[in-house]
Structure formats: C-alpha cells, structure tokens
Amino acid sequence: MPNGILVFIEHRQGAINKTSFEAVAAAQQLGSSLGRDVSAVMLGADASLAVEVTGFKLSRIISGENPRLAEYTPDAYADAFEQVVRASDPEYIIFPHTYLVRDFAPKLAARFGKGLISDCIRMKAEGGHATFTRRLFQGKMDADVSAKGEGPVFATFQSGSYRAEQAERGEGAQVEPMQVEVGDVRMQPEAPFQEVKQAVDLTKTEVIVAIGRGIKSQENIELARKLATLLGGDIAASRPICDAGWLPIDRQIGSSGQTVAPKLYIALGISGAIQHLVGMKNAGTIVAVNKDPEAPIFDIADYGIVGDLFEVVPALTEEIQKLKG
Amino acid sequence: MKIVVLMKQVPNKDAVMRVRADEKWIEEGDLSFEVNESDGYALEEALRLKEKKGGEVIVCALGPQRVKAVIKDALARGADRAIHVVADDFGQAGPFAAAKVLAEAVREEQPDLVLAGLQSDDHGYGQTGVIVAELLGLPHATIVIDVDYSGEQLRVKRELESGWYQWYTMQTPALLTIQSGISQIRYATLKGIMAAKKKEIREVQPAIAAGEGEFQTVERIYLPLKQKQTQFLGDGDAKRGAAQLADKLRNEARVI
Ligand SMILES: Cc1cc2nc3c(=O)[nH]c(=O)nc-3n(C[C@H](O)[C@H](O)[C@H](O)COP(=O)(O)OP(=O)(O)OC[C@H]3O[C@@H](n4cnc5c(N)ncnc54)[C@H](O)[C@@H]3O)c2cc1C
Ligand SMILES: Nc1ncnc2c1ncn2[C@@H]1O[C@H](COP(=O)(O)O)[C@@H](O)[C@H]1O
C-alpha cells in the first residue's frame, strides 16, 4: 500500500535552499487535506544538515547517504532518490522547482514511467484528490492538471507559490539514515563560480527602466535610455535583449540575472514570464507598457498602459520633462 | 561526429490566444507558429560544433505537417538532414510521452551528442530533454550556456541560479539542454535555402499511440487570475495614458 507524501529538501555548498521550506509548506497542505503523513528526503554524504529540518512538523527525515552524494550530480541523485522512493512507496513527491530539481527529477520520474507535474503555482486537494495549477505559454494561460494512473505523483512548485513561513513547526522529527547505492556517475562537476566582470550593480538603483523584446531593435534602446536618464535611473532588460547582445548580461533582470527592488520599475515591451518576474516583483511601484492587454506583466503592475511603446514612451518622456520644469 | 537536435514548433510569442470551447486547449486555427526559442540556439550550437569537429547535424521534430516549416528553416541554416515524426495528436502530449517518441525516433542513429532546448515556450515542462537522455541511457547536463569540445573531452558550462555558473566534464555520448543566448544565431542564406531543397526529410511514425505514457490530465485551461489591482491608464490613447501616468507617479505613488 502506498503511504504518505515525500518532500525534497535541497542543499548546496553546505546550506539548505530556502525554497525547500516552501515545498514543505505545500507538502504539509497536501498532507492535511488528504490525511497523509509528510516525510522529508535529504541526500548527501551524511546527515549533518538534517538538524535544520527537524524543527518542522514532519513524520521523519529520510537521509539518503553515500560518499558520492557529497557533491551534486544528476546521476548520483537519481540513483539515490530512486531507492528512497522504492523503499517508502509514497503517493506524492513534492519538490521546489529549482535548477537542481529540474536537472535530476525528470530523470528520476522517468524511471517510474512518468514525468513531473512541473512548475506548479497552486494546488487544491479535496475528496482525496489533488488538482495542480501550472502556467502555459510563458504565463499567458493557467492549466488545472490532475494526476493519472498509478502513483507516485511527482510535482514541483515554483518559488514563491507557497511561503516558507507557512511551513508548520513541530517537535523533533526523527532522522532516519538510509545507505543508498550510487551507480555510474558520468559527469564531473567543477566548483561553482560567479563571473567577475559584474560591472553594473542595479540592486541599489532607485529607478529602473527595463526593456523587453517589444523594443524591436538595438537603436530603439535610446528611447528607453532617455527616459531612464530623465528619471535619474538606469536601464535594464529581459533575457532576450541580453541574449541578442544589445545590452550586456549584467543588465539582465530575472532568475538568471539580477534581483532588484527599486522604488520604481518601468517595464517596456516585456511580457512578464515568471523567470523575469522573480527578479523584480518586489519593486515598490511597477509600471507596464505593453500592446497586449492580456500580457502577464499586468498581473503584477500597479499602473498599466495598453499600447504601443513607441507612442507611449516619447509622450511619457515629454510629460515628465514638463513636470520637472 | 553525429549531432541530433530536437526542435519543437510552438505558437508565435506575440500571438493573442483564445481558449478553445472545451477549455482543454487553445484555438489553434488563430495562430501562426515559430521555432521554440532555445531550440534555435541548440541548432546554432550544433552547427558550430560541426564546423569545428566535422560530422553531421540531424534535426528531429515531432508534430503535424506544419512542423516542416521549422525543419526546412533548420536545413536552410545548415543542418544536413531531418527526421520528422509525423503526428497530429501529440500537440498536448506530456513530457514523458513526447520524450519516448523522440528517443525512439533517434535511437538507431546512435548520435554522439543530442541537443535539446531547455524548455518549450508553450507547455513549458522543462523536462523532455532529460527524459530522452534517461530513455537512451545517456548522461545529461541541463541549462548549458557554453560548450567546449575542442579537445577529446566534452566540457560544458551550466547556468545555476542568480548569476552562478559551473563547468562539468561529461562522458560521451551525451545529451545537453541548451539555454538561450549561448551564441548568436545565424540566418539562412539564399544559398542555404536552395541547398535545403535537396536535403533528406525522413518521415516516421510515433513509437507509441497518443494517450500512452500520460501521467497527467489537463482538466481546464483559462486566463490567469489577476493578483494585483492594476490601474489601466489612457484607455487606448497613448498621449492621455502618458499624461495620467506622469501625474500618478508624482502625486499618488510619489516616486518621481
Ligand atoms: C531557466 C530559465 C531562465 C530564464 N531566466 C530569465 C531571466 O533571468 N530574465 C528574463 O527576463 N528571462 C529569463 N528567461 C526567459 C523568460 O522565460 C522569457 O522568455 C523572457 O523573459 C521573455 O522576454 P520578453 O518579455 O522581453 O519577450 P516576449 O515574451 O517576447 O515579450 C515581448 C512583449 O512585448 C510586447 N510588445 C511587442 N511590441 C510592442 C510594442 N510596440 N509596444 C508595446 N509592447 C510590445 C508583446 O506584447 C510581448 O508581451 C528564462 C527562461 C528559462 C527557461
Ligand atoms: N514535439 C517536439 N518535437 C521536437 N522536440 C521537442 C518536442 N517537444 C519537446 N521537444 C524538445 O524538448 C525541449 C524541452 O521541452 P519541454 O520539456 O516541453 O519544456 C524542447 O526545447 C525541444 O528541444
């Protein structure tokens, strides 16, 4: 008989990834709706980080251990996790949707003849049945999805869909070490590093004018730069602009760029894909200019103008010039 | 060296979408299509590797006849030949089923490298490449932003979160999922377009039936619920919108 829910706790370089606690909150909510126990899974050379999780309301912490788990590789993690799943036979396995999880969890799920219900933003569990909501078309549509066929169900949650503070505290969950086998590891990681040349630090900038693919060409960036200068701010961009080499990568905002929280963020011709939003959603005031009234950027904007940025931006620049006298 | 590139056709990014009457998918009749963004970069990387190391680039795409547009463009940009898994009913396939079909379509090619995009712009599963690797028994690396195969060994640079990176040395054959921006994409030349007409496009059937290998059911799709009360300004008039916005930013939000 399948039993309970597993939640994956990710760590890297000796620290637990905070989005793991968001996954704990999601797993606990699922557990309480379905009346199931929640256990955590950690993988590593030893259980030294498990103490950071024992304070949560969990029935146990399974610590899959092998010296070859000291450093993350998808081969070692998939082998180890597979054994944990086979030994505990869970109904659901909940993960944070991190780059590390994206890297090994599809491989793990494939060993059970399935994939992940990936990058979920919400979940509803009623009458013993869970429905997951995930985004389609880079945020333009939502889909309610339910699992089909035999368990286990593998689901990943986008960062920010649950709050880490929602994770319930409890009394000393037991750590259960489990020795796991690791087969061939066919990749050899080197030490993680940051590019040194980070010339621009946008984290202290109070006003950011950010451009997206809607800007159409490199020459048009001048339009946005003029507005930024007038506001005493700086210019930034979504990924495709940096990919095209129109602006250097240190001006990219988002999950693989900088995370900023300026007083004012003006998004011009940016659709609002989640990987961009995570980098700027904590800005004080968010303005979006986009010709598509359904663009997801408007979900988080305080002020929106639906229209052509090539008309709006010159007009806005002129109006602000007037205000500034 | 033989390199397979998995390329998907997806709805155009600027497309305005309507939910289909059964609420299970969108109205496809309205749409125009393009190549999935990261897959274009995967092809570019394959072409560059071929230029350095020699060999052959084979494109593989799963989808209905319209997918030929993506295939032909790839051939025009320099791919040598293509495998088209022709299927009308895999548009909503989950990542396991899609990966199963793609893996079986390329298995007998025994490629040295398989390149996929890191994520599709429509379903956004972010999994198909990794599952293909598992089904073919290949090691993989995801979110690859640089490939160094100048020597005997394959070294790849992976993007981690918030500006961190990591190099991996990989055994080959291997599968890599490519991140956008890895290099600048070339356009097809007229010569390339002419040459493409003579290149082979082999049509094959999917190895499994639609519906097999599915572990999830889409109950309903809909426009996302708004999280914030956005004040929309100008009502379609750019000048008026700009004037109202300037006023609000100064007198309401007090940020300028
Ligand atoms: C693992 C991973 C990491 C990623 N990391 C990042 C990241 O760090 N940062 C990031 O930004 N993205 C990142 N992305 C990419 C992200 O998913 C989106 O593809 C990207 O943010 C889209 O950029 P965009 O909004 O500029 O382009 P699009 O999505 O193409 O949007 C362009 C917008 O411009 C509008 N528009 C067009 N013309 C006009 C006009 N004349 N006037 C007004 N509006 C107009 C359109 O309506 C559209 O909404 C990542 C993706 C993945 C999978
Ligand atoms: N129908 C398809 N045809 C060809 N390649 C595909 C298809 N579906 C997915 N892929 C590949 O798998 C990658 C990841 O897709 P996904 O798992 O849907 O995010 C894409 O970028 C493509 O390289």
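Letters go in sequence order (proteins before strands), and every chain restarts at 1.
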- So which part of A/Ile300 gets closer than 4.5 Å to some heavy atom of chain B, the side chain, the backbone, both or neither? both
- Message: Please classify the contact between B/Ile182 and chain A as side chain, backbone, both or neither, with a heavy-atom cut-off of under 4.5 Å.
- Response: neither
- Task: Report yes or no: do B/Tyr125 and A/Asp119 form a side-chain donor-acceptor pair below 3.5 Å?
- Result: no
- If one checks every heavy atom of A/Thr133 against chain B at 4.5 Å, the contacting part turns out to be side chain
- Task: Would you check, one step at a time, whether the test side-chain contact (heavy atoms from CB on, under 4.5 Å) holds for B/Glu134 with A/Lys107?
- Result: CA-CA 6 Å; B/Glu134 175 65 15; A/Lys107 182 178 174 70; 2.7 Å; yes
- Item | Steps toward side-chain contact (heavy atoms from CB on, under 4.5 Å) verdict (B/Thr169, A/Met187) | CA-CA 6 Å; B/Thr169 305; A/Met187 60 286 294; over 6 Å; no
- Message: Using ring centroids (six-membered ring only for Trp), state whether B/Phe232 and A/Tyr303 fall under 6.0 Å.
- Response: no
- Mind checking whether B/Ile256 and A/Leu231 have side chains closer than 4.5 Å, heavy atoms only? yes
- Under 3.5 Å, is there a donor-acceptor pair between the side chain of A/Arg186 and the main chain of B/His140? no
- Item | Short N-O contact, A/Glu190 and B/Arg158, less than 4.0 angstrom | no
- Task: Kindly indicate, with the supporting measurements, whether the criterion side-chain contact (heavy atoms from CB on, under 4.5 Å) is fulfilled by B/Phe215 and A/Val153.
- Result: CA-CA 8 Å; B/Phe215 59 92; A/Val153 176; over 6 Å; no
- Item | Under 4.5 Å from any heavy atom of chain A - which part of B/Ala141 | backbone
- Item | Contacting region of B/Asp14 [heavy-atom separation from chain A under 4.5 Å] | both
- Message: As an exercise: rank A/Leu116, A/Ile117, A/Ile286 by heavy-atom pairs under 4.5 Å with chain B and give me the winner.
- Response: A/Leu116
- Do A/Val287 and B/Leu249 touch side chain to side chain, with heavy atoms closer than 4.5 Å? yes
- Task: Let me know if B/Ile143 has heavy atoms under 4.5 Å from chain A in its side chain, its backbone, both or neither.
- Result: side chain
- Is there side-chain contact between A/Phe193 and B/Gln166, with at least one heavy-atom pair below 4.5 Å? no
- Which pair of heavy atoms, one from A/Leu323 and one from B/Ala246, lies closest together, and at what distance? CD1-O, 3.4 Å
- Task: With a 4.5 angstrom heavy-atom cut-off, could you sort out which part of B/Lys13 is near chain A: side chain, backbone, both or neither?
- Result: both
- Message: Quick one, A/Gln194 with B/Tyr165, criterion side-chain contact (heavy atoms from CB on, under 4.5 Å). Give me CA distance, side-chain angles, the key distance, then yes/no.
- Response: CA-CA 6 Å; A/Gln194 274 182 305; B/Tyr165 300 91; over 6 Å; no
- Message: Could you measure the distance from the CD1 atom of B/Ile221 to the CE atom of A/Met141? Nearest 0.5 Å is fine.
- Response: 5.5 Å
- Item | Main-chain N/O of A/Gly304 paired to B/Thr230 side chain as donor or acceptor, under 3.5 Å | no
- Contacting moiety of B/Ile185, where chain A heavy atoms sit under 4.5 Å: neither
- Query: At their closest point, which heavy atom of A/Gly139 faces which heavy atom of B/Pro224, and how far apart are they?
  - Reply: O-CG, 3.4 Å
- Do other residues, nucleotides or ligands put more than 12 heavy atoms under 6.0 Å from the CD atom of A/Gln218? yes
- Picking from A/Arg122, A/Lys322, A/Glu318, which has the most non-hydrogen pairs under 4.5 angstrom with chain B? A/Arg122
- Who wins among B/Lys24, B/Lys239, B/Gln119 for the most heavy-atom pairs under 4.5 Å with chain A? B/Gln119
- Mark yes or no for whether A/Gln188, through its side chain, and B/Tyr168, through its backbone, hold a donor-acceptor pair below 3.5 Å. no
- With chain B, the option among A/Val312, A/Ile320, A/Asp302 that has the most non-hydrogen atom pairs under 4.5 Å is A/Asp302
- Rounded to the nearest 0.5 Å, how far apart are CG of A/Leu316 and CD of B/Gln244? 12.0 Å
- Task: Decide, yes or no, whether a salt bridge links A/Glu195 with B/Lys157 under the criterion of side-chain N to carboxylate O below 4.0 Å.
- Result: yes
- Task: Heavy atoms only, distances under 4.5 angstrom: which of A/Ser118, A/Pro189, A/Ser146, A/Ala110 has the most pairs with chain B? Name it, please.
- Result: A/Ser146
- Query: Do A/Asp144 and B/Val218 come close enough that some side-chain heavy atom pair is under 4.5 Å?
  - Reply: no
- Item | Heavy-atom contact with chain B under 4.5 Å, split by part of A/Tyr72 | both
- Side-chain heavy-atom pair B/Glu219, A/Val145 within 4.5 angstrom cut-off: no
- Message: Counting heavy-atom pairs under 4.5 Å with chain B, which one of A/Arg135, A/Arg134, A/Glu311, A/Lys263 comes out on top?
- Response: A/Arg134
- Query: Measuring from B/Ile26:CD1 to A/Leu136:CG, what's the distance to the nearest 0.5 Å?
  - Reply: 8.5 Å
- So which of B/Met17, B/Gln231, B/Arg250, B/Glu252 has the largest heavy-atom pair count under 4.5 angstrom toward chain A? B/Gln231
- Note on the structure: Per-residue tally against chain A (heavy atom, under 4.5 Å) across B/Gln179, B/His123, B/Lys226, B/Gln229 peaks at B/Gln179
- Side chain, backbone, both or neither: which part of B/Glu37 has a heavy atom under 4.5 Å from chain A? side chain
- Query: Has the side chain of B/Gln184 got a donor or acceptor atom that lies under 3.5 Å from a matching backbone atom of A/Asp243?
  - Reply: yes
- Task: Measure A/Gln321 against the heavy atoms of chain B and call it side chain, backbone, both or neither at under 4.5 Å.
- Result: neither
- pair A/Glu294-B/Leu223: side-chain heavy atoms closer than 4.5 Å: yes
- Query: Considering only heavy atoms, which portion of B/Leu138 lies under 4.5 Å from any heavy atom of chain A: side chain, backbone, both, or neither?
  - Reply: backbone
- Atom CZ of B/Arg20 with >12 non-hydrogen neighbours under 6.0 angstrom: yes
- Query: For A/Arg102 and B/Gln127, does a side-chain donor sit closer than 3.5 Å to a side-chain acceptor?
  - Reply: no
- Message: Is it true that B/Ser180 and A/Arg239 share a donor-acceptor pair across their side chains at a distance under 3.5 Å?
- Response: yes
- OH of A/Tyr99 to CG of B/Leu160, rounded to nearest 0.5 Å, is 9.0 Å
- Heavy-atom nearest pair, A/Pro106 first then B/Ile131, reads O-CG1, 3.7 Å
- Selection from A/Glu206, A/Lys324, A/Glu150, A/Arg213 maximising heavy-atom pairs under 4.5 Å formed with chain B: A/Arg213
- Item | Heavy-atom closest pair, residues A/Ile305 and B/Ala242 | CD1-N, 3.9 Å
- Taking every heavy-atom pair that is under 4.5 Å apart, which of B/Gly236, B/Ala253, B/Pro95 has the most such pairs with chain A? B/Ala253
